[in-house]
Amino acid sequence: MAVKKRRKAPAVENEIINLTNVSKAYSTGAPALKDVNLHISRGEFVFIVGDSGSGKSTLIKLLLRELTISSGYINVMGYDLSKIKHRKIPKFRRNLGIVFQDFRLLKDRNVYENVAFAQRIIQKSNKEIKKNVPSILAIVGLAGKYKAKPRQLSGGEQQRVALARALVNQPTILLADEPTGNLDPKNSWEIMKLLEQINENGTTVIVVTHNREIVNAMQKRVVTLRRGVIIRDEEKGGYIDED
């Protein structure tokens with residue numbers, strides 16, 4: 001279905017993500033997002049919260065260009081994602097890091113190779129890989145685990161590997177989709193502290209989460225979705241209960 005009613009919003013200073021009147025409907029006709037307006041500046045840390053079915057996963061997939069919008073305007077890092085040519089999508093995604101709840105590590109490869117894999121995709125030289133992989137593993141606290149296979153690691157360690165893999169290519173934006181969903185409270189906080197550190201170094205961080213304790217404690221910008229609509233967008237916000 002052709003994208004319609006495309007209207008570009010006025011530029012916001014230092015803006016890196018621009019969704020203007022974005023709607024997404026699936027082939028069944030069921031709306032996933034309805035008239036969403038969201039503007040995120042470079043270097044922000046933003047939580048996206050809401051119950052299951054609120055549209056969080058759809059929003060992440062739109063930002064990754066795994067899905068296309070039904071109407072509106074979406075621009076990420078200067079790319080108009082409703083007009084981007086298919087051949088340019090891999091280049092666009094090189095500037096995005098993504099961390100999932102289920103880690104998605106290569107089980108037959110060790111920690112070093114899991115992280116190096118991201119560098120090989122963008123054709124980094126062996127010399128660069130040998131420099132960059134140990135450096136990022138040290139940042140996430142896994143310098144001594146580079147030979148370990150995923151099955152030999154705790155859940156928290158596996159998520160650190162996933163985070164290192166997402167960061168090794170120095171992405172402009174890091175998208176974290178329920179990054180603490182499979183972790184205990186201690187490891188959850190360690191991952192969030194790493195994300196905060198990464199953000200302080202200049203990376204724009206967007207975290208989808210159900211963890212109200214973390215959201216309430218960290219006092220970042222919080223965008224709340226309900227049934228495909230943004231019902232709240234608050235600086236130093238918190239997790240609000242559904243009616």
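- Of the possible polar contacts, none joining the Thr180 side chain to the Leu183 backbone as a donor-acceptor pair under 3.5 Å is found.
- Under a 3.5 Å cut-off, the side chain of Asn95 and the backbone N or O of Thr172 do not form any donor-acceptor pair.
- The side-chain heavy atoms of Glu157 and Pro150, taken from C-beta on, include no pair separated by under 4.5 Å.
- Residue pairs meeting the ring pair (Phe, Tyr, Trp, His ring centres under 6.0 Å) criterion with at least one member in residues 79-124, sequence neighbours excluded: Tyr79-Phe92.
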List the steps, then state whether salt bridge (Lys or Arg N to Asp or Glu O under 4.0 Å) holds for Glu113 with Arg165. CA-CA 10 Å; Glu113 286 301 322; Arg165 183 180 58 191; over 6 Å; no
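- Legend: residues meeting side chain to side chain contact (heavy atoms under 4.5 Å, CB included) with Asn201, ordered by chain and number and at least two apart, are Gln197.
- When each of Ile173, Asn75, Ile74 is paired with Ile17, the side-chain contact (heavy atoms from CB on, under 4.5 Å) condition holds for Ile173 and for no other.
- Under the side-chain contact (heavy atoms from CB on, under 4.5 Å) test applied with Leu33, the options Leu38, Leu67, Ile69, Leu225 reduce to a single match, Leu225.
- A heavy-atom distance below 4.5 Å is not found between the side chains of Asp184 and Ser188.
- Here Ile230 contributes atom CD1 and Ile48 contributes atom CD1; the two are 7.0 Å apart, rounded to the nearest 0.5 Å.
- Side-chain atoms of Glu15 and Asn18 form a donor-acceptor pair, as typed in the model, at a separation below 3.5 Å.
- No donor-acceptor pair closer than 3.5 Å links the side chain of Gln123 to the backbone N or O of Arg120.
- In this structure, Lys107 has no side chain to side chain donor-acceptor pair (under 3.5 Å) partners at least two apart in sequence or on a different chain.
- In this structure, the side chains of Arg160 and Lys145 stay at 4.5 Å or more apart for every pair of heavy atoms.
- The shortest distance between side-chain heavy atoms of Ile16 and Val76 does not fall below 4.5 Å.
- A donor and an acceptor atom, one from each side chain of Ser82 and Asp80, are located under 3.5 Å apart.
- We find the CD-CG distance between Gln158 and Asn114 to be 9.5 Å, quoted to the nearest 0.5 Å.
- Side chains of Gln101 and Pro179 form no contact here, defined as non-hydrogen atoms less than 4.5 Å apart.
- Formation of a donor-acceptor pair under 3.5 Å by the Asn211 side chain with backbone atoms of Gly181 is not found in this model.
- Considering only residues two or more places apart in sequence or on other chains, Arg232 meets the side chain to side chain donor-acceptor pair (under 3.5 Å) condition with Glu234.
- Tyr26 and Leu62 end up in the same hydrophobic cluster when Ile, Leu, Val, Met, Phe, Trp and Tyr side chains are linked at under 4.5 Å.
- Checked against side chain to side chain donor-acceptor pair (under 3.5 Å), Arg221 has the following partners two or more places apart in sequence or in another chain: Glu44, Asp233.
- Rounded to the nearest 0.5 angstrom, Lys61 NZ and Leu175 CG are separated by 13.5 Å.
- Shown here are the side chain to side chain donor-acceptor pair (under 3.5 Å) partners of Gln119, two or more places apart in sequence or in another chain: Asn132, Asn169.
- Summarising the local packing, CD of Gln170 is surrounded by 12 or fewer heavy atoms from other residues, nucleotides or ligands at distances under 6.0 Å.
- Panel note: side chain Ser54, backbone Arg226; no donor-acceptor pair is recorded below 3.5 Å.
- With salt bridges taken as basic N to acidic carboxylate O contacts below 4.0 Å, none links Glu178 and Lys56.
- Ile89 and Met77 fall within the same hydrophobic cluster, where Ile, Leu, Val, Met, Phe, Trp and Tyr residues are linked whenever their side-chain heavy atoms come under 4.5 Å apart, directly or through other members.
- In this structure, Lys220 satisfies the cation-pi test against Phe45, with its NZ or CZ atom closer than 6.0 Å to the six-membered ring centre and inside 45 degrees of the ring normal.
- Contact annotation: the side chain of Trp189 never approaches that of Asn187 to less than 4.5 Å [non-hydrogen atoms, C-beta and beyond].
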